[in-house]
Amino acid sequence: MSEPAATDDKTSSPPPPPAQHKSWADEADDDAEAANETTAPTTAVPSSSSPSLNVDELSIDENKKPPKLLDDPEDSNIQAVTSGDTPYTSAATFEDLNLSAELLRGLYVEMRFQKPSKIQAISLPMILNPPHRDLIAQAHNGSGKTTCFVLGMLSRVDPSVQAPQALCICPTRELAIQNTEVLRKMGKHTGISSECAVPTDSRDSLPIQKREPIKAQVVIGTPGTIKKWISFKKLGVTRLKILVFDEADQMLAEDGFKDDSLRIMKEIEKFNSSCQVLLFSATFNDIVKNFVERTVKKDHNKLFVKKEELSLDAVKQYKVRCPDELSKIEVIKDYIFELGENVGQTIIFVRTRQSAKMLHKSLVDMGYEVTSIQGALDHEERDKIVKEFRDGLTQVLISTDVLARGFDQQQVNLVINYDLPIKHTAEYTREFEPDYEVYLHRVGRAGRFGRKGAVFNLIYDEKDERLMSKIENHFGTRVSEVREKSVEDYKAALKEAGLLQ
DNA sequence: GCGTTAT
């Protein structure tokens, strides 16, 4: 048995209340309430097996009282605050986690992992051991967060129960598909079933009303489809033991998926107050951090990283000053493509769907083999473009921020910011603000798991200059300039980044 | 701006 708590949970979970709740289809009137919900869930009921909780510990000001630190690997800068008296020991090996033999086989044979990464070593004991407290976990891009929650879902599922027991919600279709693939690979020998809940180009698929209820033990998907499946009673929530939000800061941000996410959380809570909630992301700005801490149960555990320590040292950042918009294309094809030909794959990020199309056309017309992806494409087309890139059939992919977060392709060594990411605020603002979180996530598409990488930020006017220097200040990093027409500068940059001999 | 359901 991989996990003693599986049987324990069965005895401690309350019987499901009568299902007399109305479905979402007819409760649009609850929207305002859901949108304004800022208080923590009122039903923070610990499972009957939990030791006495020191809830006060969580409400303290972190600056006044030193947090309890776990044993801290030398180069780790993850701050852990644990709730109550439960001692957690960092896992030096996967064996330390009491995983099933089938799961260990998945980790070693299928995934080829050797030992837990830092975030895995620290977070997995918190996720897997009773009393299964909620967890907010921040860790660097490419540091192995997916494994944390995938392993958490796989090992908390009771294989003998054929009903959804783990649910993971992701901001994009691509990320949901990727996470499903990771789970299937890692769980290959466990026999655990899974379903990916993302929209499909209707034609071939049965309308939702005619479909059988989901029996898969793990469901991973995007908010709209998950909401729909729940509201049509095709996805039961009563047996859920673990709920995961990937890219949780975006999933709970005001301009993100906050309403959908809270709606789903509340629906699950109605039937199932003991469901463990995991929130994972590389970024949590102060506003969303404050909010998410009030969204999960009070006795949650948390892991955070200081923003100054969040940039990846292995990925070098550069800026190129371009005299006009058109010269950005020249820089890309004449310098970055020429010199970066053999450095691996490249993602070029743009701000709008339209510029993705235009840049794509320009480069294709000039004879370059590039593809592009953005949300206006058909689902099938999106899947095809991603597959071709994953298979290495394309070297250069132009993308909107649909791929800014989570997209894991280890051969990506070069990221080009054709446009810098900007924050949109509802109000009129004096000045453009960079979207620091998106910037960091884009950078994180290179340098997966400690690999080398470089980012070229294309700057062309005063607005870009200001955005760039704000980004430098925010992360306390220096972004050195590569002169637009200096082959030597590009070479030196790629050498410094470790991508060129 | 970008992202996310389908009737």
Quickly work out the [X] [atom1] to [N] [atom2] distance and round it to whole Å.
X        : N     : atom1 : atom2 : result
A:Gln209 : B:dT7 : CD    : P     : 7 Å
A:Leu420 : B:dG1 : CG    : P     : 18 Å
A:Lys234 : B:dA6 : NZ    : P     : 16 Å
A:Asn417 : B:dC2 : CG    : C1'   : 14 Å
A:Arg442 : B:dG3 : CZ    : C1'   : 13 Å
A:Glu174 : B:dT4 : CD    : P     : 7 Å
A:Leu403 : B:dT4 : CG    : C1'   : 15 Å
A:Phe245 : B:dT4 : CZ    : C1'   : 14 Å

Does OP1 or OP2 of [N] have a side-chain N or O of [X] closer than 4.0 Å?
X        : N     : result
A:Thr400 : B:dG1 : no
A:Arg405 : B:dG3 : no
A:Thr222 : B:dT5 : yes
A:Arg382 : B:dT4 : yes

### Message
Need one value for A:Gln374: base, sugar-phosphate or nothing, where a base atom within 4.0 Å counts as base even if backbone is also close, heavy atoms only.
### Response
sugar-phosphate
#### Entry: Ring-face cation of A:Lys289 near A:Phe284 (centre distance under 6.0 Å, axis angle within 45°)
no
### Message
Between A:Pro207 and A:Pro171, which residue's closest nucleotide on DNA chain B lies nearer the 5′ terminus?
### Response
A:Pro171
### Query
Taking the six-membered ring where the residue is Trp, are the ring centres of A:Phe245 and A:Phe280 under 6.0 Å apart?
no
### Task
May I ask you to check whether A:Phe349 and A:Tyr418 place their ring centers less than 6.0 Å from one another?
no
### Message
Check this for me: A:Asp365, atom CG, are more than 12 non-hydrogen atoms of other residues, nucleotides or ligands nearer than 6.0 Å?
### Response
yes
### Message
Donor-acceptor pair, distance only, cut-off 3.5 Å: does the side chain of A:Asp435 make one with the backbone of A:Val438?
### Response
yes
### Message
Of the options B:dG1, B:dT5, B:dT4, whose atoms approach the side-chain atoms of A:Thr352 most closely?
### Response
B:dG1
